[in-house]
Amino acid sequence: MSTTTAGPVSRVSTPSGERYDGVIDLARVKAAHVPYYPTREAVTADGNTAAALATLQMWRAILYPGFPITPSTKWIETVAAKVGAQKGTAKRVKLMEAEHAVADYMVGAAAACRDLIVSTATSSVGLDHMTETTRSLGASGLGNVMIIDVYRATANFPLCIEGDPSDALAHRDDGFIQICARGKQQIYDTVIQAPVLGMHADVMTPTMPGYYGIKDSHRNAKFWVEADSAIHAFQDKWIKECALPGTINGDTAMGNCVTSRHFQGFKVAQKRRIERALELLPEIGADFEKTFGRPGLAYFDEVGFKGDEPVDVVVVSMGPDFGTFESIRGEWSARNNTSTAGLAMRLINPFPREAVRKRLANAKVVLVVNQAHHSGRGHLTLDIADALAGLDKQPRIVSAFAGMGGADVSESTWEVMLDEGRDAITKAPRQPYMVFHEGARL
Amino acid sequence: MSGYKETARQESCFRPGSTLCPGCMESVAFQNIGRVTDNGVKTIFTIGTSCAEVSTLAFPNVVAWGRGDDSPDDFAKSFSILHNVFESAPTLAEATRDVADQLTSIGALDRKIQVISASGDGGAFSIGLRTLLHTIHRRARVTIVVLVNEIFANTGFQYSPATMPFADTSTTPAEGTPGNLNPPLDYIHLAIAAGAGMVAQLSPAHGKMFVKAIERSLEVEGTAVIFIPAPCISGWKFEDGQTVELALLGARSGVFPAFTWERGKGGTVKDCPQDASERPNITEFLGEQRRFGHLVGKDKVTGEVKVKPGQEENMEKLTAWVQSNVDRMYSLAAMK
């Protein structure tokens with residue numbers, strides 16, 4: 001324990017108890033940050049490294065709890081190696097005994113000082129193991145928690161380490177803001193922006209940026225790493241000192257057992273906060289683009305739209321396999337005399353229903369490609385159907401499952417799915433959903 | 001370290017208004033811990049779901065925590081409490097400790113913080129054994145208190161791994177069976193083996209010892225673990241007003257002997273001789289609780305507790321378990 005002379009403290013009353021200002025000197029936390037990248041640099045690395053570098057460069061992140069699970073393990077390995085190698089660092093890695101412990105640790109650490117960013121990475125059953133506490137975190141107001149989810153199927157029977165997004169999609173009701181990234185640059189950029197959104201005073205909701213296991217976590221590509229100082233300037237512009245007390249600088253109680261009436265109000269407030277994230281996300285993304293010259297957070301990436309002109313077939317999907325669609329889109333469209341466009345979803349919770357509805361309103365057919373196991377027509381399909389409900393002229397929805405179990409969605413698979421989309425311009429899809437694999441409709 | 005009388009005059013962070021049962025040992029323990037922690041250092045409690053949580057942390061009803069009627073001007077008297085799921089309290093405490101230490105090492109926090117984790121035995125020994133042992137194993141500089149009432153009281157008095165043999169619980173009912181047949185988990189030994197810096201088994205019934213142990217737990221190297229035997233009026237089924245008496249009887253008869261131990265120094269068993277003839281008969285402890293009503297009965301005229309016909313063999317087994325429990329405590333005390 002420190003025995004140095006304590007500085008002055010002032011009391012501020014808040015709806016969550018008393019806050020004692022002056023107890024924690026954030027300027028000293030920032031000053032203690034030893035930069036990893038003094039200048040902008042091009043780096044060739046995998047997705048886990050990209051995510052790790054982004055979290056390391058934040059001055060607000062000083063504690064990194066973790067537990068290994070494929071395919072996210074390299075995140076904690078990279079953080080541990082970089083922290084261990086950096087002389088004079090203020091950062092520390094905390095190796096826990098299980099993912100549940102990691103999640104509990106994040107509650108304690110994030111509540112202790114609500115101005116610090118507490119991050120980890122996990123996957124699949126690791127995220128499942130956290131569930132009891134992620135659902136608490138989702139409602140907690142601790143927007144300074146960030147769990148990076150490296151997508152991998154949740155079922156372990158049979159076990160497979162390949163990545164499909166069934167873990168992320170199974171956890172959409174945990175209460176986190178979930179943002180999908182594809183490609184190393186987008187992974188890096190998303191991790192920098194996610195806490196900016198989560199820690200906004202109107203949002204105060206933990207975030208879960210994610211990317212596909214193996215396909216993006218383990219494959220290398222070149223991306224730009226910004227100077228630590230530039231990241232700090234961007235985050236500092238958005239992240240203000242938390243108005244509510246933490247356990248260290250507060251006289252407060254958190255995680256109370258509440259009456260039914262209060263709980264009902266609490267849940268309404270939770271819903272309102274995550275709705276506010278929908279409004280703020282494009283603003284943060286636009287500011288990121290203005291600052292760094294690359295696209296920032298968005299509801300979705302779009303390709304092929306020409307203003308509001310009608311499109312024959314619009315593909316909606318997520319993840320790196322969307323790139324394969326992008327690569328064949330022009331040739332397939334020309335060969336089939338069918339116009340195409342596409343949305344690669346980025347914000348998967350809360351689902352940007354209004355923006356999707358507006359973007360798809362002039363489509364004849366929407367081909368939704370789901371990559372995770374779902375008991376019905378597909379997670380994305382149901383969201384898209386919800387978004388399109390009530391339109392005067394509703395696009396026909398073709399629901400596809402492809403790439404399940406982490407399979408690559410090949411060019412030939414995309415082509416047979418697009419063929420089904422083309423056919424649906426003139427006639428109803430042959431089934432409520434269809435399963436595609438290795439170039440064939442099963 | 002202040003004297004017992006001085007401690008009694010300190011301001012507790014546990015306040016009136018809890019909905020714990022009248023006479024609950026948990027409230028007595030919190031009152032005492034609350035006073036000991038009024039020592040010029042900011043106090044943070046972490047708590048897992050338990051009777052102690054749902055009955056003290058109700059909002060917007062009474063939150064029975066905090067020092068003073070209003071938030072204090074003096075930061076050192078300020079108090080925070082954080083609740084999360086059953087098993088989480090030690091991990092929450094460890095994280096809080098780490099953040100405080102990390103901020104201190106950076107020079108961003110120049111005030112002392114003391115962190116106390118509170119769990120029930122269900123939260124600590126069943127669903128939370130992992131988190132309990134690993135927080136100890138990592139030598140987190142926190143005090144962990146486990147309120148041991150030998151049942152899952154919060155969910156209606158079910159068996160827990162701390163339930164003593166032959167006890168009637170709602171999931172080991174003594175109807176046609178002798179009640180619980182499993183010996184309790186050796187949690188004291190586990191805490192020592194996991195690397196605790198200090199381990200104690202004490203209730204506030206041993207007032208001075210209890211206060212001294214809590215004070216020491218805040219100073220000792222590594223993790224301090226205090227197991228607090230907590231007679232439960234509803235689960236143990238005894239009469240109002242007998243809490244302290246039962247806590248003393250349980251300790252003195254050998255069910256949960258008063259025990260303190262420090263790494264490198266060894267420990268002591270107090271108020272519980274190893275020789276059974278020098279201890280109160282176990283039947284005195286059993287006879288006050290209806291959870292053992294299938295084993296013993298109290299004569300309405302003489303007040304004498306007698307083994308019920310047909311239960312002699314079970315009583316012998318229970319007596320043997322008590323002796324082995326006392327012997328074990330003495331063995332642990334001899335460890336350094």
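Order of the sequence lines fixes the chain letters, A, B, ..., with proteins taken first and strands second; residue numbering starts at 1 for each chain.
P15(A) and L244(A) make their closest contact through CD-CD2, 4.2 Å (heavy atoms, listed as atom of the first residue, atom of the second, distance). The minimum heavy-atom distance between A98(A) and R130(B), with the atom names listed, is CB-CD, 3.9 Å.
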Would you sort out whether E221(B) and R141(B) count as a salt bridge (charged side-chain N to carboxylate O under 4.0 Å, His left out), showing the intermediate values? CA-CA 7 Å; E221(B) 287 281 315; R141(B) 180 66 292 282; over 6 Å; no
Residue pair D149(A), H171(A): steps toward the side-chain hydrogen bond (donor to acceptor under 3.5 Å, both in side chains) verdict: CA-CA 10 Å; D149(A) 178 23; H171(A) 285 267; over 6 Å; no
Worked verdict on N84(B) versus T133(A) for side-chain hydrogen bond (donor to acceptor under 3.5 Å, both in side chains): CA-CA 8 Å; N84(B) 192 35; T133(A) 285; 3.1 Å; yes
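Residues from residues 77-88 of chain A never place a non-hydrogen atom less than 4.5 Å from a non-hydrogen atom of chain B.
For E94(B) and H134(B), the side-chain atoms include no donor-acceptor pair closer than 3.5 Å. Between the side chains of D174(A) and T134(A), at least one donor N or O lies within less than 3.5 Å of an accepting N or O.
Looking at R67(B), neither its backbone nor its side chain comes within 4.5 Å of chain A, counting heavy atoms on both sides. For chain B, no part of M106(A) is nearby; none of its heavy atoms comes within less than 4.5 Å. A111(A) touches chain B through its side chain: at least one heavy atom from C-beta onward sits under 4.5 Å away, while N, CA, C and O do not. Heavy-atom distances place the side chain of R11(A), and not its backbone, under 4.5 Å from chain B. If you measure heavy-atom distances from Y105(A) to chain B, the contacts under 4.5 Å come from both the backbone and the side chain. For L63(A), the part lying near chain B is the side chain, with the backbone staying farther off; criterion is any non-hydrogen pair under 4.5 Å. Looking at I44(B), the atoms closer than 4.5 Å to chain A (heavy atoms on both sides) all sit in the side chain, from C-beta outward. With a 4.5 angstrom heavy-atom cutoff, K91(A) touches chain B only via backbone atoms. For L137(A), no part lies under 4.5 angstrom from a heavy atom of chain B. Heavy-atom distances place no part of S105(B) under 4.5 Å from chain A, backbone and side chain included.
No other option in A95(B), S88(B), A100(B), G107(B) has as many heavy-atom pairs under 4.5 Å with chain A as A95(B). With chain A as partner, the option from T131(B), T43(B), L103(B) having the largest number of non-hydrogen pairs under 4.5 angstrom is L103(B). The candidate with the highest count of non-hydrogen atom pairs below 4.5 Å against chain A, out of G66(B), S55(B), A58(B), P60(B), is P60(B). The residue among T135(B), T56(B), T91(B) with the most heavy atom pairs within less than 4.5 Å of chain A is T91(B).
The six-membered or imidazole ring of F59(B) lies away from that of F266(A), with a centre-to-centre distance of 6.0 Å or more. Y187(B) has its ring centre less than 6.0 Å from the ring centre of F227(B).
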Under 3.5 Å, which donor-acceptor pairs link side chains of residues 248-258 of chain A to any protein atom two or more places apart or in another chain?
{"residue": "N249(A)", "atom": "OD1", "partner": "G246(A)", "partner atom": "N", "Å": "2.7"}
{"residue": "D251(A)", "atom": "OD1", "partner": "F79(B)", "partner atom": "N", "Å": "2.7"}
{"residue": "D251(A)", "atom": "OD2", "partner": "S71(B)", "partner atom": "OG", "Å": "2.8"}
{"residue": "T252(A)", "atom": "OG1", "partner": "S16(A)", "partner atom": "O", "Å": "2.5"}
{"residue": "N256(A)", "atom": "ND2", "partner": "L57(B)", "partner atom": "O", "Å": "3.4"}

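For the side chain to side chain contact (heavy atoms under 4.5 Å, CB included) criterion with I116(B), the lone passing option out of L218(B), I226(B), T46(B) is L218(B).
Between H232(A) and W59(A), the two ring planes are perpendicular [angle over 60°; tilted spans 30° to 60°].
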